[in-house]
Every structure is written in structure tokens, then in C-alpha cells.
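So the structure is just underneath, and the comments pick up after that.
Heavy atoms only: backbone and side chains are in, while hydrogens, waters and symmetry mates are out. These figures come from a predicted structure and were not determined experimentally.
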Amino acid sequence: MKIGILSDSHYKIDYTKEVINLLKEKGAQYLIHAGDLCREENLKLLKESELTYVCVFGNNDSSLFEFSSTYNIKEEPYYFKIKDISFKLMHLPFYLVGDTDVVIFGHTHIFESEYKNKTLFINPGEVCAREKPLIESVLLEINENEYIIRYYSKETNKKNFKEKEIKYERKN
């Protein structure tokens with residue numbers, strides 16, 4: 001199973017589209033956005049990806065509340081399952097407790113990946129390239145005995161994304 005993870009698009013609709021296209025090209029079957037979409041256009045891109053997606057409201061998304069019935073956008077923390085894997089999705093890193101298999105968060109604009117006490121914690125960094133000139137996202141591959149994280153980053157003035165791979169042995 002391959003899951004594309006992104007966060008903090010803010011007003012960068014072109015960057016969001018570029019990241020979604022990259023994740024689809026790399027085989028993503030699902031998309032998860034950890035908030036701060038800021039514009040309905042970013043929600044439309046998720047919906048139009050034709051992948052199953054979910055996202056949460058970020059601290060800059062109050063203007064999107066009216067669209068909660070049109071798009072799959074939830075209040076945080078949002079708990080859900082994909083197949084037999086449990087997820088907790090949030091924007092603000094206030095609920096960083098390992099009460100699910102995977103915890104996804106945003107807000108800090110910094111890529112993070114850690115596996116501790118049988119829980120994988122992921123922050124995919126920022127799509128918007130606001131804090132640094134990098135467009136970032138993650139492709140999470142979940143196999144029976146391992147998590148493979150492919151972190152993608154691209155300088156805003158470059159053409160191609162760089163890939164960094166991190167593997168964790170899944171403990172049951």
C-alpha cells in the first residue's frame with residue numbers, strides 16, 4: 001500500500017498540483033493532507049486526483065469550514081483506518097501520542113520521521129516552500145514487515161525532485 005502525504009500547501013496551488021502529480025506518478029493509492037490548505041482550489045486538486053483522500057483543517061483553514069460537506073476535510077485529530085492500519089491525522093502537533101499505527105501531522109513545516117513504541121510519526125514538511133525554498137512531500141509504503149518512507153524535496157528553482165529513502169522494521 002502506498003500513501004502520498006502532504007501538508008502546509010497554503011496559497012501555493014501550483015506546488016500542490018505538482019506534488020500530487022509526483023505522488024501519483026510514484027504509485028500513491030491514497031492521499032493524506034495534514035492541513036493548512038488555505039484555498040478551495042487545493043481541496044479541488046485532492047478531489048480531482050481521483051485517489052481516495054482525507055485532510056484536516058489547519059490553523060489557517062477557517063475559510064474552508066463551509067466546504068466540509070463538499071470535500072473530505074475533517075477536524076483534528078481525525079482517526080481512520082486504511083485496510084488494517086490505524087491512522088491519526090492532525091495539523092497541530094498537540095496529540096503526538098502513539099495511540100495508532102501511524103501518526104501524521106503538519107504545522108512545523110519541517111520533515112520528520114520517527115518510529116517508536118510501534119508507532120510511526122510523520123511530518124511531510126511543507127508544500128508551500130515558505131520556511132525554506134523547498135517543496136516537500138512523502139510517499140509512505142506499508143508492507144507486512146516494514147515501513148518505507150520516500151521523502152521528496154525540490155528547490156523551487158529546480159526541475160526535479162530529490163528522493164531520500166528511510167526504512168523501519170514494523171513490529172507487531
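- With K88 contributing its side chain and Y95 its backbone, the two residues share a donor-acceptor pair below 3.5 Å.
- Note: I3 CD1 to I142 CD1 = 4.0 Å, rounded to the nearest 0.5 Å.
- Cluster annotation: Y152 and L134 are assigned to distinct hydrophobic clusters (Ile/Leu/Val/Met/Phe/Trp/Tyr, side-chain heavy-atom contacts under 4.5 Å, transitive).
- Residue K17 qualifies as open at atom NZ: its count of foreign heavy atoms under 6.0 Å is 12 or below.
- For NZ of K132, the number of neighbouring non-hydrogen atoms (other residues, nucleotides, ligands) closer than 6.0 Å is greater than 12.
- At least one side-chain heavy atom of C55 sits under 4.5 Å from a side-chain heavy atom of L43.
- Using a 4.5 Å heavy-atom cutoff, the side chains of S7 and D36 are not in contact.
- Under the 3.5 Å distance criterion, the side-chain polar atoms of Y115 are matched with a main-chain donor or acceptor of K171.
- Remark: K12 NZ to T156 OG1 distance equals 8.5 Å, nearest 0.5 Å.
- Close placement of the F80 and Y78 rings is indicated, their centers lying within 6.0 Å of each other.
- Hydrophobic clustering keeps I104 apart from I110 (ILVMFWY residues linked when any side-chain heavy atoms are closer than 4.5 Å, directly or through intermediates).
- Side chains of S9 and T16: a donor on one and an acceptor on the other come within 3.5 Å.
- In the model, S113 has a side-chain atom that pairs as donor or acceptor with a side-chain atom of Y168 under 3.5 Å.
- Both I85 and I166 belong to a single network of hydrophobic side chains, linked directly or stepwise wherever heavy atoms of I, L, V, M, F, W or Y lie under 4.5 Å apart.
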(Q) Show, in sequence, the C-alpha distance, side-chain angles and deciding distance for I148 and N143, and conclude whether the side-chain contact (heavy atoms from CB on, under 4.5 Å) test is met. (A) CA-CA 8 Å; I148 302 171; N143 298 317; 3.6 Å; yes

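- Remark: K81 fails to qualify as a cation-pi partner of F87 under the 6.0 Å distance and 45° angle criteria applied to the six-membered ring.
- When the shell of 6.0 Å around CG of N117 is examined, it contains 12 or fewer heavy atoms from other residues, nucleotides or ligands.
- Contact detail for F105 and P124: the closest heavy-atom pair is O-CD, 3.4 Å.
- A side-chain donor-acceptor contact under 3.5 Å links K47 to the backbone of T70.
- Annotation: cation-pi pair R170/Y147 present, NZ/CZ under 6.0 Å from the ring centroid and within 45° of its normal.
- Follow the hydrophobic side-chain contacts under 4.5 Å out from L139 and you never reach F111; the two are in separate clusters.
- Annotation for E165: atom CD counts as buried by contact number, over 12 foreign heavy atoms lying within 6.0 Å.
- Listed for the N42 side chain is a donor-acceptor partner under 3.5 Å among the backbone atoms of H10.
- For the residue pair Y71 and E40, a side-chain donor N or O sits within less than 3.5 Å of a side-chain acceptor on the partner.
- Taken from CE in M1 to CD1 in I82, the straight-line distance is 6.0 Å, to the nearest 0.5 Å.
- Side-chain atoms of E169 and N145, non-hydrogen and from C-beta on, never get closer than 4.5 Å to each other.
- If you take CG on L45 and CD on E18, they are separated by 12.0 Å, rounding to the nearest 0.5 Å.
- With N72 contributing its side chain and Y53 its backbone, the two residues share a donor-acceptor pair below 3.5 Å.
- Counted by atom type alone, H109 and E126 present one or more donor-acceptor pairs between their side chains at under 3.5 Å.
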Q: Please assess E75 against F57 for the test side-chain contact (heavy atoms from CB on, under 4.5 Å), listing each intermediate value before the final yes or no.
A: CA-CA 6 Å; E75 290 189 36; F57 292 104; 4.1 Å; yes

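- Side-chain atoms of E76 come within 3.5 Å of backbone atoms of H91 as a donor-acceptor pair (strictly under, hydrogens ignored).
- Between the D101 side chain and the T119 main chain, no donor and acceptor come within less than 3.5 Å of each other.
- Side-chain atoms of D61 come within 3.5 Å of backbone N or O of L37 as a donor-acceptor pair.
- V103 has its side chain out of reach of E114: every pair of non-hydrogen atoms, C-beta onward, lies at least 4.5 Å apart.
- Of all non-hydrogen atoms in A28 and G4, the two that sit nearest each other are CB-N, 3.8 Å.
- Counting only heavy atoms from C-beta outward, the side chains of I20 and K24 approach each other to under 4.5 Å.
- In this structure, L22 and S137 have side chains that are in contact, with non-hydrogen atoms separated by less than 4.5 Å.
- Residues L140 and L51 are members of separate hydrophobic clusters, defined by side-chain heavy-atom contacts under 4.5 angstrom among Ile, Leu, Val, Met, Phe, Trp and Tyr.
- Side-chain contact check for V56 versus I73: every heavy-atom pair is 4.5 Å or farther apart.
- With a 4.5 Å cut-off on side-chain heavy atoms, K74 and V54 count as touching.
- At distances below 3.5 Å, not a single donor-acceptor pair connects side-chain atoms of K154 with backbone N or O atoms of K162.
- When all heavy atoms of T108 and P93 are compared, the pair lying nearest together is CG2-CG, 4.2 Å.
- Rounding to the nearest 0.5 Å gives a distance of 13.5 Å between CG of D14 and SG of C128.
- Remark: the backbone N or O of G125 is paired with a side-chain donor or acceptor of N123 at under 3.5 angstrom.
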Q: Kindly indicate, with the supporting measurements, whether the criterion side-chain contact (heavy atoms from CB on, under 4.5 Å) is fulfilled by K164 and R150.
A: CA-CA 6 Å; K164 176 183 174 185; R150 291 182 181 89; over 6 Å; no

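- If you take CZ on R39 and CZ on F67, they are separated by 10.5 Å, rounding to the nearest 0.5 Å.
- A donor-acceptor contact under 3.5 angstrom links the side chains of H107 and N59, judged on distance only.
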